[in-house]
Number of protein chains: 2
Amino acid sequence: MADTDSKDRAGRVTKVRTLADLAKIAGVSPGTVSRALAGNSLVNTKTREKIEAIAREHGFRPNQMASKLRRQKTGVIGIAIPLGHDVRQKISDAFFMTLLGHLAAELTEKGYDLMLRRVIPAQDEDWLDRFIGSGMVDGVIVIGQSDQFERIEEVADGYLPMVVWGNHQEGQRHCVVGTNNRLGGKLAAERLIASGVKEIAFLGDTQAIEFAARFAGAKEVAEKMGVRIRVLPTHLSPERTGEEIAEHLREIEGKVDGIFAATDTIAVTCLKEIRERGIDVPRQLKVVGFDDLPISSQTAPPLTTVRQDIAAGAKGLVDLLLRRLAGDDTESLVLPPHLIIRETA
Amino acid sequence: MADTDSKDRAGRVTKVRTLADLAKIAGVSPGTVSRALAGNSLVNTKTREKIEAIAREHGFRPNQMASKLRRQKTGVIGIAIPLGHDVRQKISDAFFMTLLGHLAAELTEKGYDLMLRRVIPAQDEDWLDRFIGSGMVDGVIVIGQSDQFERIEEVADGYLPMVVWGNHQEGQRHCVVGTNNRLGGKLAAERLIASGVKEIAFLGDTQAIEFAARFAGAKEVAEKMGVRIRVLPTHLSPERTGEEIAEHLREIEGKVDGIFAATDTIAVTCLKEIRERGIDVPRQLKVVGFDDLPISSQTAPPLTTVRQDIAAGAKGLVDLLLRRLAGDDTESLVLPPHLIIRETA
DNA sequence: CGCGCAATTGCAATCGTTTGCAATTTTGCT
DNA sequence: AGCAAAATTGCAAACGATTGCAATTGCGCG
């Protein structure tokens, strides 16, 4: 508030490391200091102010480890990012990162810290139990089910404070927040077909459960409308994707007139490859993406895509987790996707 | 090793929460259990195996809080992201997120966890002391100096295990890892001028120290070569940037023939606005960015930019921090930028 | 069989805070 | 002034794992 260098300008000679040290200086007991610094307790205002002053003067902060140990809660939420095979990719994936950014904002606002952990399930069987059982976090948010659906289910049976970002399956036991991927897939296919597309290619890896759902939705619509649709497996590693897509394009050229990309990242790369082949979008080939990342409005031409509301997703994850921390057994939250029409379809 | 359901198949009825519980079952003392689980200690192989078996059977994990308290180290590295004014923006900024992704990979590999904390210095005077003094982290990496240069300097005087991503100033006291921004700025300007540019506009906020250095480098070259250069303040919040840039473009149209964007994010938005105004890149207007984000090769036309080696930066941050944890007082690390020539200049 | 040394194990203090309970001081009221 | 009730404060036991030191056990060998 006022001046900082008032009396103790000799620096940090006096080292006050513990409540007890501080208590000695203040002439009270450690318990009182603890209560005083905790703020709202039942300690005399005058005493509190004196203690606070001394604490400030010495730059004292109570040791969090001790505090957490004693109180049996950490104020930390664990964020686990399971990396399936694409080991180096996913954590720098634009979608996950954006989600993480929003999570950080939400959790910080609620007074929680985030502990981030990249896990490689293939190398570490019980990554989830380890994270949970370590006593380092009060709850866990798992970003992406990867290929760990079963393991997550098992853990969910005995551990309440966990929420997962991902796809919702009929009858699953773990609490998930995510977009209705199937519906999103339908929207994409409908748009392509409404734009006159006669044959669709889906670019994505249908082993990932979300992508499979997106494809399933598109397929349903396509079949109903008598439009052919095929899958062209496409991965997400920044290096390989470009080539993979180029190859696909060579293969489908002239046969397919609509592309549904499992991800905006794929769509963006795809647009670039298409441009290089001199194909006109949307005249000759129409493209719809999925996610609506910030970049997607910046492409040439701007990408038509299915929007996932990432901010709402983050808020949902945090809200549900907090309710679970309070003992509620919450339902999953499935968010509606929105078709964003720009210029590629 | 062998079968898991050998004797205690009654499930999780017996709850083993502490070393002591486990010790009782194993018929040894808690100390022995601790040593056994720690692995390398001086406990009899047979005993160890027995204890490990019981631990596995009951899914027991030693409480980390207690462990950390006792050992006075946490195995956690704090990552602080100071947000200047653009409160919601920076943490989802592509550059920071990419860096964070690489940091996560590096730190995980070295056996550390990451604790992520968004801080808003304006709302929280002593964010850094709080983070450090909390006893929750063994060391801190600060991502971006924001407008907190002075505060970081102060803290660095009394706290060794801290490394900062940012710009290096002559004679600064804190250990920093970052790109040589001034040199990067020179490279950008040289390229623009070599492409025939006669007047340059720098798009960026020179209040940010890194950006100021980039501009300074460009300015030096421009002045030497007799080319005019001006600053057009541009922020990074996703919403405002587009409009700001549009306005700038209106203002400079016809006068300026080269743009140096402080950031690829700005450059990408810029390219889009330019396209919408029907200006030809690179014929009428040349553009150089900074960062070389993954998207930058995907724009139309692909962006010429100054590359920061993010992976090397992350590795540098982690290496230096680990050496500081070991007691070394390390020097700063300044990485060379690389001009990546694509099609916009 | 007994001694000495090495290999294991147990004991108990410690890390620094929090908090129920009891002790003490204040306050309010007659 | 006297006494009950309320407001503060102190005491000491947790929280759960680690680790120096001492005690025990086991082993080799004369």
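Naming convention: chains lettered A, B, ... in sequence-line order (proteins, then strands); numbering from 1 in each chain.
Following rounding to the nearest Å, A:Lys73 (NZ) and D:dA14 (P) show an atom-to-atom distance of 22 Å. The CG-P distance, from B:Asp21 to D:dC15, rounds to 11 Å in whole Å. Between the CD atom of B:Gln64 and the C1' atom of D:dT18 there is a distance of 13 Å, rounded to whole Å. We find that NZ of A:Lys50 is positioned 15 Å from P of D:dT8, with the value rounded to whole Å. Remark: C1' of C:dT9 and NZ of B:Lys46 are 17 Å apart, rounded to the nearest angstrom. In this structure, CG of A:Leu37 is placed 15 Å from C1' of D:dT9, rounded to the nearest angstrom. Here the C1' atom of nucleotide C:dT27 and the CG atom of A:Asn44 are 13 Å apart, to the nearest Å.
Ion pairing between A:Asp124 and A:Arg117 fails under the 4.0 Å rule for side-chain N and carboxylate O.
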Under 4.0 Å protein heavy-atom contact, by nucleotide of nucleotides 14-21 of chain C - B base, S sugar-phosphate only: BBBBBBB-
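Looking at A:Val119 and A:Phe131, their side chains never come closer than 4.5 Å, going by heavy atoms from C-beta outward.
Checking side-chain atoms of A:Asp328 against main-chain N and O of A:Thr330 turns up no donor-acceptor pair under 3.5 Å. A:Asp126 places no side-chain N or O within 3.5 Å of a backbone atom of A:Asp129 that could act as its donor or acceptor partner.
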Mind listing the side-chain donor-acceptor pairs of residues 314-322 of chain A below 3.5 Å, one per line with the distance, residues two or more places apart or on another chain?
from: A:Lys315; atom 1: NZ; to: A:Glu106; atom 2: OE2; distance (Å): 3.4

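Partners of B:Arg173 by side chain to side chain donor-acceptor pair (under 3.5 Å), not counting sequence neighbours, listed by chain and number: B:Glu153, B:Asp157. With sequence neighbours left out, the side-chain contact (heavy atoms from CB on, under 4.5 Å) criterion links A:Thr18 to A:Ala20, A:Asp21.
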Just the atom pairs and distances: protein N or O near nucleotides 22-26 of chain D's N or O, under 3.5 Å.
none

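Rounding to the nearest 0.5 Å gives a distance of 6.0 Å between CD of B:Glu154 and CZ of B:Arg151. Between atom OG1 of residue A:Thr32 and atom CZ of residue A:Arg48 there is a gap of 12.0 Å, rounded to the nearest 0.5 Å. To the nearest 0.5 Å, the span separating CZ on A:Arg35 from CD1 on A:Ile51 amounts to 10.0 Å.
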Evaluation steps, side chain to side chain contact (heavy atoms under 4.5 Å, CB included), between A:Lys110 and A:Leu107: CA-CA 5 Å; A:Lys110 307 280 188 190; A:Leu107 286 171; 5.5 Å; no
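Where the helix from C:dC1-D:dG30 to C:dT30-D:dA1 starts and where it ends, the local axes point in directions that differ by 40°; five pairs per end, rounded to 10°.
Within 4.0 Å (heavy atoms only), B:Val33 reaches no atom of the nucleic acid at all.
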